[in-house]
Protein chains: 2
Amino acid sequence: MAGKANGRKARNGGGEITMSDIARHAGVSPMTVSRALSDPPSVSEKMRRKVDAAVRQFGYLPNRIAGSLSSKRTNVVGLVVPSIRNSLYAAMVQAISDVARANGLHLMIANSGHRLEDEEALVSALLAQRVCGLVLHNTAHSRRLRELLARTDIPVVETGNLPAKPIDMAVSYSNFDAARAMTGHLGRLGYKRIGFVTLPLRDNDRSRERRRGYFAALKELGLPADPGLVMEAPGGFAEGADALVRLVQTHPDIDACFFAGDVLAVGALFECQRRGWAVPGRIAIASFDDLDLLRHTVPTVTTLRIPRQDIGRRSAELLVNRLRGASRQKVRIDVGFEIVQREST
Amino acid sequence: MAGKANGRKARNGGGEITMSDIARHAGVSPMTVSRALSDPPSVSEKMRRKVDAAVRQFGYLPNRIAGSLSSKRTNVVGLVVPSIRNSLYAAMVQAISDVARANGLHLMIANSGHRLEDEEALVSALLAQRVCGLVLHNTAHSRRLRELLARTDIPVVETGNLPAKPIDMAVSYSNFDAARAMTGHLGRLGYKRIGFVTLPLRDNDRSRERRRGYFAALKELGLPADPGLVMEAPGGFAEGADALVRLVQTHPDIDACFFAGDVLAVGALFECQRRGWAVPGRIAIASFDDLDLLRHTVPTVTTLRIPRQDIGRRSAELLVNRLRGASRQKVRIDVGFEIVQREST
DNA sequence: CTGTTAGCGCGTTCAC
DNA sequence: GTGAACGCGCTAACAG
């Protein structure tokens, strides 16, 4: 009864301190310790004090692995983003993290690198960890991932784009509408030859939707759709600069360029500074996503404000509500966007 | 034996599919399923095929919670950063994530918001989740956190600064040395009145070390230490611009300014563009941390290159080696830094 | 409000 | 190479 000498592999020098240890030293049952820790009001003042004292004395940290196995619930939310480095995702992740923390949840983050197979593998791994909810920054999943998610009953929030038919819940803006709106905006400002620089299209429905929006707006504006005015570029300052230069050289009559990625736009703007091309005099520049940077450059850059932080916050709130028992119904929230007209157009 | 009707709260509509289920359907023992999944070579070809078939048929996902409880090990690494949004941390996190993933580990990320009490609470929570290792982007911990970490025997990597006496392992550069080197560099370029703009000093040993380095260099250069040339500013473009303007107005003879944060420096540079102050003609600008942005602005900005990605990679590698059985000895790796001289100085 | 009993789903250990 | 027994540390469910 005293202490079954835990023979060999005593890595910790004696095994973990358990709830029973605390219970024994506090002179109560393990169950009372459990309750005192997870639901203090359900235990009498006297008991609680004894437990707290023993907990402090031993520096006891409950084992949530054991707790999770027993209760069949974890307090861990899984999150898959295309890239951790990108500041756009970072704003969303931060918001999710804040809401999660306020509700006693933890975050397990993985990045898919824009690869659908990786997304699938990562979600599997997160499900194996029995996360209590998932946020996926992608809506174009592999077939196997769809099947996997269909079989699970944890809440799932998709974001990054507005899917026609969400798996469970979706919080996003429409990439199509946003790109169409900005292109239309440029048209109404009087620009006639509007270039479009897109991020890689492969495995990325968001990029494809943006391009579709661009062409839709051109049609609505009665402007010709010239495939030569569209360029695909990996994200980066240099790539944006490069794309702009090539567009201007091949299409000297270009008078505006819409970049489907903020870094691309800024790179292009700097290139204009270097070459002495007036912005918007020689060429107007519009961007996608309201990086803080864009309102401080010279000139400031017209862009689309996507409420990334709201997306994160609302996604997390949806998860939390579900975990608190909200009924399971499909949700599809369009957070919208906003055109921010600045000096560059 | 067939199936103990699992009465009431069948949330999943019948309870989880377990290893026993798979074993039964594959006609083997649960132990064989376990081995086939975690160490395939230890099982005969025939058994493995039967198990694999059943696993696929049922879409079985092993419960890592149960596995972790049983084996007393998790494959989850805990990570605490001051802020998820900041791109500096993002580069490090990405590198850690990559190494972790390559080694079958997952990441649980929390952000302390630069608050030491929060760091303490978050580490406690991560330890309760029984993470197998920790990376902390901070070296100035609360006393209670130090005690907590002293009692644990999981590997801990500290980063963000080079502590004199690491808790366990440390991978970083020296903020003091870096700031001293850049200030010295400016002095040797001939600048005589060098301003210094620091990020908030509270609860941030990194900021304080940088300021110390600045003053040490001034002394070595034989320049007077003028407290009026030092300003504290929260991070941000506008704040950097503001700080510069105030320094120039109160000290018209200032000829260079060293910003201990990249965003501050860029904000100041843009302000110079707006005001038509030549950089470095009127005032030279130096920054801290080699944001991609800094090599694309006009003019490009002199800065300190900190190998953030290496820091992440090596931190993760140290953890992995420990988990693989490397002996427990203190490690203190100085990854160094590099001065990148560009057009702004 | 408190205690008792009985697992949670797996891996360790030892026998075969 | 395979299986049976046992327990990881905690909480759900019920009884008092």
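Chain letters run A, B, ... following the sequence lines, proteins first and then strands; every chain starts at 1. The structure presented is a predicted model; accordingly, all values stated were derived computationally and were not measured.
The shortest distance between the side-chain N/O atoms of A/Ser29 and the OP1/OP2 oxygens of C/dG3 is below 4.0 Å.
Atoms CD1 (A/Ile65) and P (D/dG9) sit 12 Å apart, rounded to a whole Å. Counting to the nearest Å, the P atom of C/dG9 and the CD atom of A/Gln129 are 16 Å from each other. Atom CD1 of A/Ile17 is separated from atom P of D/dC10 by 10 Å (rounded to the nearest Å). When the C1' atom of D/dT11 is taken as reference, atom CE of A/Met31 falls 5 Å away, rounded to whole Å. What separates CD of B/Glu16 from C1' of C/dG7 is a distance of 14 Å, to the nearest Å. Atom CZ in B/Arg64 sits about 12 Å away from atom C1' in C/dG9, given to the nearest Å.
Remark: the backbone N or O of A/Pro166 is paired with a side-chain donor or acceptor of A/Lys330 at under 3.5 angstrom.
B/Arg324 is linked by a side chain to side chain contact (heavy atoms under 4.5 Å, CB included) to B/Asn103, B/Val320, counting only residues two or more places apart in sequence or in another chain. For B/Ser29, the side chain to side chain donor-acceptor pair (under 3.5 Å) partners at least two apart in sequence or on another chain are B/Thr32. Residues meeting the side chain to side chain contact (heavy atoms under 4.5 Å, CB included) test with B/Ala26, sequence neighbours left out: B/Val28, B/Lys50, B/Ala54. Every residue meeting the side chain to side chain contact (heavy atoms under 4.5 Å, CB included) condition with A/Pro82, not counting sequence neighbours, appears here in chain and number order: A/Tyr89, A/Ser112, A/His114, A/His137, A/Arg206. A/Asp52 pairs by the side chain to side chain contact (heavy atoms under 4.5 Å, CB included) definition with A/Arg48, A/Arg56, not counting sequence neighbours. Under the side chain to side chain donor-acceptor pair (under 3.5 Å) criterion, B/Ser172 pairs with no residue at all, not counting sequence neighbours. Listed by chain and number, the residues in a side chain to side chain donor-acceptor pair (under 3.5 Å) with A/Gln57 amount to none (sequence neighbours excluded).
Counted within 6.0 Å of CZ on A/Arg144, heavy atoms from surrounding residues, nucleotides or ligands total 12 or fewer; the atom is thus considered open. Heavy atoms of other residues, nucleotides or ligands lying less than 6.0 angstrom from CZ of B/Arg130 number more than 12.
For the segment residues 55-62 of chain B, the set of residues with a heavy atom within less than 4.0 Å of an atom of DNA chain C comprises B/Tyr60, B/Pro62, in numerical order. Residues from residues 32-39 of chain A placing a heavy atom under 4.0 Å of any atom in DNA chain C, listed by number, are A/Thr32, A/Arg35. Less than 4.0 Å separates DNA chain C from no heavy atom of any residue of residues 41-51 of chain B.
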Tabulate below the donor-acceptor pairs under 3.5 Å that side-chain atoms of residues 154-165 of chain B make, not counting sequence neighbours, or state none.
residue  : atom : partner  : partner atom : Å
B/Glu158 : OE1  : B/Ile167 : N            : 2.8
B/Glu158 : OE2  : B/His141 : NE2          : 2.7
B/Thr159 : OG1  : B/Val171 : O            : 2.7
B/Asn161 : OD1  : B/Asn175 : N            : 3.4
B/Asn161 : OD1  : B/Asn175 : ND2          : 2.9
B/Asn161 : ND2  : B/Asp205 : OD2          : 3.4

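Ionic pairing of A/Asp153 and A/Arg328 is not present here: no N-O contact between side-chain nitrogen and carboxylate oxygen is shorter than 4.0 angstrom.
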key: salt bridge (charged side-chain N to carboxylate O under 4.0 Å, His left out) between B/Glu317 and B/Arg313, intermediate numbers included   = CA-CA 6 Å; B/Glu317 286 170 356; B/Arg313 184 179 50 74; 3.3 Å; yes

query = So what's the dot-bracket for DNA chain D: Watson-Crick or G-U pairs under 3.5 Å, [ ] if a pair crosses, | if it pairs off-strand?
reply = ||||||||||||||||

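Relative to the side chain of A/Lys72, the nucleotides C/dC8, D/dG9, C/dG11 differ in distance, and C/dC8 lies closest. Counting only heavy atoms from C-beta on, B/Val28 has its side chain closest to D/dG3 among C/dG11, D/dG9, D/dG3. The side chain of B/Ser71 approaches C/dG11 more closely than any other nucleotide in the set D/dG9, C/dG11, D/dT11. Taking only side-chain atoms of A/Arg73, from C-beta outward, the nucleotide of C/dG11, D/dA12, D/dA4 with the closest atom is D/dA12.
Within 3.5 Å, no donor on the side chain of B/Ser20 pairs with an acceptor on the base of C/dG9, nor the reverse.
Checked by atom type, the side-chain pair B/Ser97/A/Asn111 shows a donor-acceptor distance below 3.5 Å.
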